[in-house]
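Accompanying notes for the structure given below.
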Amino acid sequence: MEREERYRPQAIEPKWQKMWQDERMYFVQAREDKPKFYALVMFPYPSGDLHMGHMRNYTIGDVVVRFQAMRGYNVMNPMGWDSFGLPAENAAIKDGVHPAQRTPDNIARMKDQLYKMGLVYDWDREVASMSPDYYKWTQWMFLLMYRRGLAYRKKAAVWWCPNDKTVLANEQVVDGHCERCGAEVIKKDLVQWFWRITEYADRLLDDLDALDEWPDRVRTMQRNWIGRSTGAEIQFPVEGHDAVIRTFTTRPDTLFGATFLVLAPEHPLVDEITTPEQREAVRAYVDQARRQSDIERLSTEKEKTGVHTGAYAINPMTGTRIPVWIADYVLVTYGTGAIQAVPGGDERDYDFALKYGLPIITVVEPPASRVASAGPNNTDPSIAPVYKQGHDVPVYTSYEGTMVNSGPLDGMAPQDAKQAIIQLLEAEGKGRATTTYRLRDWLISRQRYWGAPIPIVYCANCGEVPVPEEMLPVVLPLDVEFKPGGESPLARLESFVNTTCPNCGGPAKRETDTMDTFVDSSWYFLRYCDPHNEEIPFSPDLANYWMPVDQYTGGVEHAILHLMYSRFLTKVVADAGLVNVQEPFRRLFTQGMITKDGAKMSKSKGNVVPVDFMVETKGADTARLFSLFIGPPDEDAEWSDQGADGMFRFLNRVWRLFEGNVMVVDETGAERDLGDYSPSDRDLLRKVHLTIRKVTNDLERFHFNTSVSAIMELSNAMQSYREAHGPETAAYSIAATNLLLLMAPMSPHITEELWHRSGGQGSVHMQPWPEFNEELAAAEVITLVIQVNGKLRDKIEVPADVSEDEATTLALASPKVQQFLDGGTPRHVRYVPGRLVNIVV
RNA sequence: GCCGGAGUGGCGUAAUGGCAGCCGCGCUCGACUUAAAAUCGAGUGGGGAAACCCGUGCGGGUUCGAAUCCCGCCUCCGGCACCA
């Protein structure tokens with residue numbers, strides 16, 4: 001290599017990018033002679049420009065791909081575009097450029113940026129959700145759902161974003177605000193399309209247990225979101241009416257303590273049972289509840305309020321007449337929208353009972369030990385009974401204790417009483433065991449333009465008719481006025497709306513809502529397996545070969561929405577026999593954000609570090625390596641231009657390690673006897689093999705920051721060796737070869753360049769991953785730490801195979817130890833082989 | 001309130017029962033240079049002249065030995081939250 005030539009990434013990176021692309025190095029087919037590895041990074045929304053925050057994600061994915069390919073896997077690494085969605089439509093409204101025009105431009109720009117970062121994809125598998133070739137099959141998925149009874153239309157109170165002028169799924173509402181634009185959402189009664197994800201709630205929950213290569217955080221979030229609780233539904237007849245109020249409770253054992261019922265203000269029976277005397281008060285309360293924003297209403301700080309309907313219900317076990325109230329702390333959307341209030345066993349009911357003077361009965365007597373250990377100042381009713389406002393009956397919510405005042409349940413433990421009362425209720429037809437979920441059905445219709453049309457027509461004769469498969473796709477028309485106005489812009493396009501019924505041929509109207517873009521992204525990983533199939537969404541054989549995704553990488557912000565919808569769709573597709581995996585993503589990695597000036601990079605904040613800038617000034621390898629080195633990849637990290645400069649300096653040092661006549665070797669292991677190496681050769685080879693072990697383990701476990709630091713240590717060792725012995729030794733060649741191989745997945749260009757310059761055959765990326773050699777890594781001399789009373793006092797060099805007796809004798813002979821022994825004898829000596837001697841005096 | 005996760009030099013971090021601070025940033029000094037940049041070298045937790053002492057959010061505990069394990073707090077981040 002020319003001595004004077006400097007490292008100029010701009011001169012070498014494009015050359016190798018072109019080579020990887022021209023040689024189709026990462027384009028793959030299903031084959032049986034190699035194990036498969038499906039690597040996937042969440043496909044991006046094509047907003048146009050990528051910054052280093054995005055690049056951390058794609059770099060991680062690329063390292064996985066190149067690493068697993070070197071390890072001999074048949075690696076599929078596809079890329080595509082989540083190209084339907086609101087931002088393009090909103091931009092179109094603002095400046096008149098049609099999304100169908102703008103989006104391909106954005107895709108081209110982003111593709112170029114991915115290319116310049118040296119990211120390698122199988123571009124033959126590229127998909128874009130906006131393409132009719134793709135959304136034809138998204139519509140097919142809708143029909144599959146419809147056929148299986150999982151797609152239905154109903155009028156419901158749904159979340160509406162007044163800014164984006166569309167409905168939102170429950171999952172897209174965060175703290176009462178639109179997940180996308182941040183506007184406060186409101187409730188509207190609308191007829192909408194839903195997918196019955198609740199039917200899969202149990203499977204979605206139970207199968208989480210088997211996803212042991214997912215972060216616990218994500219699994220916990222999904223568990224919370226599904227929110228399964230088991231209990232009982234109990235029927236309370238209303239006095240003087242045919243109506244029966246059904247309540248849901250997780251504590252049916254406390255039924256004998258139910259002294260009133262509470263309905264949500266929106267409960268359908270409210271009007272029917274309210275007495276004339278209470279009509280005015282009830283109406284006022286309902287109005288007031290409706291006017292409140294959900295944020296106000298759901299505040300736990302607020303004092304509980306309610307009003308008596310005037311009606312009474314009968315406690316089915318005691319026969320007691322108990323009043324029926326309405327209160328806004330009961331939610332119409334959860335359980336049955338009605339509860340049995342047990343003030344003695346529930347703090348909310350207790351507060352409510354105290355405020356309105358309702359009766360309180362103790363049904364669970366706590367063990368004396370609990371009361372004693374909680375002490376007199378306890379304020380937590382889940383620990384011990386609490387007497388609020390000096391009332392003589394306490395509230396106590398724990399399961400521990402004995403049933404009292406509960407007829408046949410008296411003396412039982414609450415857990416046993418729970419089973420017993422359910423049996424009694426079921427025997428008498430007054431209730432049943434049941435399970436409820438926090439999870440709601442997935443609202444998939446949107447009143448917006450830039451999405452896949454829902455393939456349904458409405459016929460005056462036949463009613464709701466699914467568009468037959470052979471007539472797909474229902475093409476999204478381009479000549480549309482996309483100003484939103486509360487209904488889909490498609491509704492104003494008569495040429496789209498008016499059609500004929502596929503059933504009877506009579507006049508019909510098309511559904512004008514489009515699908516939530518999360519539908520598009522819930523199955524794209526299946527399409528990648530067989531992206532050009534024109535007959536079916538994907539061939540089951542190919543999907544069965546590639547699925548599941550072995551490594552899925554993306555942002556934790558998708559922990560609930562995208563990841564749960566994808567799991568749901570995969571299960572439905574599996575139930576239909578199209579693929580034989582129940583879970584789409586075997587291993588999940590959620591990477592942290594890169595911040596700049598303490599905030600997420602965004603154009604509006606002006607704190608982005610653009611890809612083009614990084615590539616032009618320091619090169620793709622520096623950008624890649626620094627984004628891996630910046631910190632643990634699952635945590636957020638702050639971008640530092642100075643840190644990136646440091647990484648550029650490191651690559652310059654690596655470059656200079658190859659100055660002079662440095663040759664890489666084909667066999668990366670030792671091809672000579674250990675005895676032929678000098679002691680400093682052996683030291684270098686030891687470092688090489690320790691680094692092979694460290695980097696291999698770290699890349700498997702996604703500890704990229706520590707692999708980079710291990711590689712830096714190796715390069716420092718090579719630098720020292722080179723100064724003493726020059727670069728033309730066998731040991732140095734072996735070190736140089738392994739340095740390039742270990743760095744190749746992370747900094748692919750410089751390694752490819754140096755590999756070729758140093759006589760390497762073929763691409764560095766097609767070489768086998770280096771093997772760790774235990775023998776070469778073994779040390780002949782080790783440093784033994786000597787502690788006195790657990791504190792470091794001395795270090796001695798000893799042969800690696802030193803015996804305990806020898807080590808102990810050497811340690812006791814240390815002058816430092818003698819000083820601390822002060823003439824006495826040690827009380828105790830502990831030897832940890834190969835590590836330390838601890839002397840207790 | 002409940003459930004997770006995290007608190008270590010000036011900064012990003014490393015060490016998950018055995019040498020606290022690897023690697024890097026920054027900083028200081030030195031070499032090269034007319035000079036600067038680049039590069040290279042030395043140093044860099046605090047105190048102390050040194051021996052040594054102190055030090056991983058706070059308080060206790062287990063252990064020969066604790067950043068790491070246990071108990072009790074504090075702070076920050078994320079999720080859920082009047083969910084019956």
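Neither OP1 nor OP2 of B/A38 sits under 4.0 Å from any side-chain N or O of A/N652. A sub-4.0 Å separation between OP1 or OP2 of B/C40 and a side-chain N or O of A/R656 is present. Within the 4.0 Å cut-off from OP1 or OP2 of B/C19, not a single side-chain nitrogen or oxygen of A/N838 is found. Put simply, A/R649 has a side-chain N or O that comes within less than 4.0 Å of OP1 or OP2 on B/G26.
With P as the reference atom, B/U75 and B/C58 are 15 Å apart, rounded to whole Å. Nucleotides B/C32 and B/U39 are separated by 9 Å at their C1' atoms, to the nearest Å. Comparing B/C2 with B/U8, their C1' atoms sit 29 Å apart, to the nearest whole Å. B/C77 and B/C69 have their P atoms separated by 23 Å, given to the nearest Å. Nucleotides B/U28 and B/G10 are separated by 13 Å at their C1' atoms, to the nearest Å. Separation of the C1' atoms belonging to B/G12 and B/G26 is 11 Å when rounded to the nearest angstrom. With P as the reference atom, B/G18 and B/G72 are 25 Å apart, rounded to whole Å. Comparing the C1' positions of B/A67 and B/G21 gives a spacing of 11 Å, expressed to the nearest Å.
Glycosidic conformation at B/G78 (O4'-C1'-N9-C4 for purines, O4'-C1'-N1-C2 for pyrimidines): anti, more than 90° from 0.
Base pairing of B/C23 is made with B/G12, judged by Watson-Crick or G-U wobble geometry with both donor-acceptor distances under 3.5 Å. Within the shown strands, nothing qualifies as a pairing partner of B/G55 under the Watson-Crick or G-U definition with both distances less than 3.5 Å. Across all strands shown, the partner of B/C69 is B/G61, judged by Watson-Crick or G-U wobble contacts whose two distances both fall under 3.5 Å. Shown here, B/U28 forms a base pair with B/A42; the pair counts as Watson-Crick or G-U wobble because both key distances fall under 3.5 Å. Shown here, B/C82 forms no base pair; nothing in the strands shown gives a Watson-Crick or G-U wobble contact with both key distances under 3.5 Å. Base pairing of B/G7: its partner is B/C74, meeting the Watson-Crick or G-U wobble criterion (both donor-acceptor distances under 3.5 Å).
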Next on the checklist: Using salt bridge (Lys or Arg N to Asp or Glu O under 4.0 Å), reason through A/D216 and A/R219 one step at a time and then give a plain yes or no.
Outcome noted: CA-CA 5 Å; A/D216 283 340; A/R219 292 199 287 174; 3.0 Å; yes

Item to check | Test log, rule salt bridge (Lys or Arg N to Asp or Glu O under 4.0 Å), inputs A/R693 and A/D698 | outcome: CA-CA 8 Å; A/R693 181 171 63 185; A/D698 281 357; over 6 Å; no

Checklist entry - side chain to side chain donor-acceptor pair (under 3.5 Å) between A/T595 and A/D636: does it pass, once the steps are laid out? => result CA-CA 7 Å; A/T595 58; A/D636 292 352; over 6 Å; no

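A pairwise comparison of heavy atoms in A/L684 and A/A735 identifies CD2-CB, 3.9 Å as the closest pair. Contact between A/L269 and A/V244 at its shortest, heavy atoms only, is CD1-O, 3.6 Å. The heavy-atom pair separating A/G335 from A/T436 by the smallest distance is CA-CG2, 4.0 Å. Scanning all heavy atoms of the two residues, the minimum distance from A/D253 to A/M403 falls at O-CE, 3.1 Å. Of all the heavy atoms in A/S406 and A/V363, the pair that sits closest is OG-CG1, 3.5 Å.
In this structure, A/K795 reaches the bases: a heavy-atom distance under 4.0 Å links it to at least one base atom across the strands shown. Residue A/S229 is classed as a sugar-phosphate contact, given heavy-atom separations below 4.0 Å to backbone atoms only. A/R653 comes within 4.0 angstrom of sugar-phosphate atoms only, judged by non-hydrogen atoms across all strands, and of no base. If you check every strand for non-hydrogen atoms under 4.0 Å, A/F629 touches a base. When heavy atoms are screened at a 4.0 angstrom cut-off, A/V840 is found touching the sugar-phosphate backbone but no base atom. Among the protein residues, A/N716 comes within range of the sugar-phosphate backbone only, with heavy atoms under 4.0 Å from sugar or phosphate atoms but none that close to a base. Nucleic acid contact class of A/D380 (heavy atoms, under 4.0 Å, all strands): none. Residue A/G227 is out of contact with every strand shown, counting any heavy-atom pair closer than 4.0 Å.
Spacing between atom CD of A/E723 and atom C1' of B/U39 amounts to 12 Å, rounded to whole angstrom units. Across the protein-nucleic acid pair, A/D645 atom CG and B/C25 atom P stand 9 Å apart, rounded to whole Å. Between the CD atom of A/Q719 and the P atom of B/A42 there is a distance of 11 Å, rounded to whole Å. Rounded to an integer number of Å, the gap from A/N789 CG to B/C52 P is 15 Å. The separation between A/M647 atom CE and B/U13 atom C1' is 12 Å, rounded to whole Å. Taking atom CZ on A/R793 and atom P on B/C64, their separation rounds to 19 Å, with Å as the unit. Distance, A/L792 CG to B/C52 C1': 13 Å, rounded to whole Å. In this structure, the CZ atom of A/F626 is 8 Å from the C1' atom of B/G12, given to the nearest Å.
Picking from B/C25, B/C64, B/C82 the nucleotide with the shortest atom distance to the side chain of A/Y329 gives B/C82. Proximity note for A/N705 (side chain, C-beta onward) versus B/U13, B/C83, B/G18: the nearest is B/U13. Candidate nucleotides B/G26, B/A15, B/C22 were compared by shortest atom distance to the side chain of A/Q642, and B/G26 ranks first.
For the pair A/I630 and A/V785, both in contact range of RNA chain B, the more 5′-proximal nearest nucleotide belongs to A/I630. For the pair A/P632 and A/T250, both in contact range of RNA chain B, the more 5′-proximal nearest nucleotide belongs to A/P632.
Taking the ring centre of A/F648 as origin, the terminal cationic atom of A/K618 falls outside the region bounded by 6.0 Å and 45° from the ring axis.
Contact check on A/K687 versus A/E713 returns a salt bridge, with a Lys/Arg side-chain nitrogen under 4.0 Å from an Asp/Glu carboxylate oxygen.
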Atom pairs, N/O to N/O, protein against nucleotides 71-80 of chain B, distance under 3.5 Å?
| residue | atom | partner | partner atom | Å |
| --- | --- | --- | --- | --- |
| B/C80 | O3' | A/R438 | NH1 | 3.0 |

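The side chain to side chain contact (heavy atoms under 4.5 Å, CB included) test with A/L263 singles out one residue from A/V324, A/T247, A/V330, A/I339, and that residue is A/V324.
At a cut-off of 3.5 angstrom, the base of B/G18 holds at least one donor-acceptor pair with the side chain of A/Q787.
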